[in-house]
Each structure stands twice: as structure tokens, then as C-alpha cells.
Amino acid sequence: MTHLSVTDYLRGHIRTVPDWPAPGVQFRDITPLLQDPKVFRVLIDAFVHRYMDKDMRPDVVAGLDARGFILGSVIAYELGVGFVPIRKKGKLPFTTVEETYELEYGSATVELHTDAVKAGDKVLLIDDLIATGGTMMAGKKLLEKLGATVTEGAAIVDLPELGGSNRLRGEGQLKLFTLVDFAGH
């Protein structure tokens, strides 16, 4: 049996769906990573082992709507820290702060409860993938509005050709950690 790196192992369980949601798009579907308990454990452990180190350990994990909720809540549980959701506008019942960001065709707004984090909290911000970086940048800005520090942005997949990871590292000044990239696809 061949021993694969974690990256190769996870890449082998990400399904590519051609021409979805539009012609020419190669959609990277992470649901197969979640369906198999062994693969899901490898995925979660890859993040947890990184953030268990005392220098990397967050006070809070923030997950971006919606697949970031799946990852973030499990990672927070394993690290023994709290989890906060960053939701699409209109989904949170309490007082919120909001951030609007540009999409390819229009804009979107995300929100966070005003009591989700405290000033000085170190926050790990997580989503399933980085494409243009707009959602992660908006999440970072929301957390910073409340006085928290986003220590790192994390995702399973990076789509570097869409420019999001470079944008986040550059103008967003955000450290990023991703497990798999799909460059050139």
C-alpha cells in the first residue's frame, strides 16, 4: 500500500464537478471529505494538530457561513475553545455588526453577534475554500470591528488562480493555512 501525504490523501477525496454552477466552472466539492469517517478524521486532525501548539492556539474559532460551520465547530470542540458563526445577513437573532463585500456580480453582507468575541481574543477564521477571498476578508473585518485579532485564516482548498489567497496575504495582511490547492485547473 502506498503511503500518501495528508494533502494527497485529502485531494483524492475532493470531487470535481465540471460546469457547476455555471459552464466552465470546475466546482471543488468537499462533501466526500465529510462522508467517510476516516477521511473526516484525517481532515480535522490536520487542522487540530496545527492549532494545538500554544503559539498557534486560538481563543475562539470563527466559521464562515456555511461550510466553515462544519469545520470550525468540530475544530473548536477538539481544541476546547468556543465557536462563533459568521452568518449571511438576516440569519442572526441578536444585535450584530455587518460587513458588505463585492462578489463577481453584485455584493453580499455577513454578520456577527456583537458579543461573539472580546477585545484581544485571538481568532482562527475558517472556511472550506478560498476563491476570491471576499468572504474571508469580510469575516476578518467583522472580528476586528469587535477588537479581536485574526491570527490566521484557514481553509481546506485554495484556488490560487482566482487571486484570493494573494489578496488576503497582501492587502488583507492575513496569514493563511490551506491543505490542498488546485492550481491550474
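These figures come from a predicted structure and were not determined experimentally.
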CD1 of I130 to CD1 of I156: how many Å apart, nearest 0.5 Å? 11.0 Å
Sub-4.5 Å side-chain heavy-atom contact between L125 and I86: yes
For a 4.5 angstrom cut-off between non-hydrogen side-chain atoms, does V110 reach D65? no
Is there a side-chain contact between V157 and T178, using heavy atoms and a 4.5 Å cut-off? no
Side-chain donor or acceptor of K140 paired with backbone N/O of G172 under 3.5 Å: yes
Non-neighbouring partners of K118 that pass salt bridge (Lys or Arg N to Asp or Glu O under 4.0 Å), sequence neighbours left out: D121
Would you say that V84 contacts H113 through its side chain, given a criterion of any heavy-atom pair below 4.5 Å between the two side chains? no
Which value, rounded to the nearest 0.5 Å, describes the distance between D19 atom CG and Q26 atom CD? 6.5 Å
Relative to each other, are the rings of H13 and Y9 parallel, tilted or perpendicular (30° and 60° limits)? tilted
Under 4.5 Å between any side-chain heavy atoms of I126 and F47, yes or no? yes
Any chance you could measure D36, atom CG, to T31, atom OG1, to the nearest 0.5 Å? 12.0 Å
If you compare all heavy atoms of L176 against all heavy atoms of M136, which two are closest, and at what distance to 0.1 Å? CD2-SD, 3.9 Å
How about R67: does its CZ atom have over 12 heavy atoms from other parts shown lying under 6.0 Å from it? no
First locate atom CG of L174, then atom CZ of R169, and finally report the distance between them rounded to the nearest 0.5 Å. 9.0 Å
Please check if V39 and L4 belong to a single hydrophobic cluster, counting links between Ile, Leu, Val, Met, Phe, Trp and Tyr side chain heavy atoms closer than 4.5 Å. yes
Could you report the tightest heavy-atom contact between L168 and G133, atom names first, then the distance? CD2-O, 3.6 Å
At what distance, to the nearest 0.5 angstrom, does CD1 of I14 lie from CZ of F27? 11.0 Å
Check each of D181, T132, D158 against S165 using the side-chain hydrogen bond (donor to acceptor under 3.5 Å, both in side chains) test, and report the only one that passes. D158
Residue pair E161 / A183: nearest heavy atoms and the distance that separates them: OE2-C, 4.0 Å
For residues 52-61, tabulate all N or O donor-acceptor pairs below 3.5 Å that involve a side-chain atom, not counting sequence neighbours.
| unit_1 | atom_1 | unit_2 | atom_2 | d |
| --- | --- | --- | --- | --- |
| D53 | OD1 | D55 | N | 2.8 |
| R57 | NH2 | L79 | O | 2.1 |
| D59 | OD2 | K122 | N | 2.8 |

Joint hydrophobic cluster, V6 plus V48, side-chain heavy atoms closer than 4.5 Å: yes
Do L10 and I30 land in one hydrophobic cluster if side-chain heavy atoms of ILVMFWY residues count as linked below 4.5 Å? yes
side-chain contact (heavy atoms from CB on, under 4.5 Å) evaluation trace for E171 with M137: CA-CA 10 Å; E171 71 184 63; M137 180 67 77; 4.1 Å; yes
Decide yes or no for L71 and L43: does some side-chain heavy atom of the first lie under 4.5 Å from some side-chain heavy atom of the second? yes
Student check: side-chain heavy atoms of V117 and L143 closer than 4.5 Å: yes
Could you pull out the closest heavy-atom pair between A76 and F83, with the gap in Å? CB-CB, 3.8 Å
Do V180 and F182 make a side-chain contact, defined as non-hydrogen atoms from C-beta onward lying under 4.5 Å apart? yes
Distance to the ring centre below 6.0 angstrom and angle to the axis at most 45 degrees; does that hold for R87 and F69? no
Between OH on residue Y51 and CG on residue L124, distance to nearest 0.5 Å: 5.0 Å
Check: T151 side chain, V123 main-chain N or O, donor-acceptor pair, under 3.5 Å: yes
Shortest non-hydrogen contact from K89 toward E111: CA-OE1, 3.6 Å
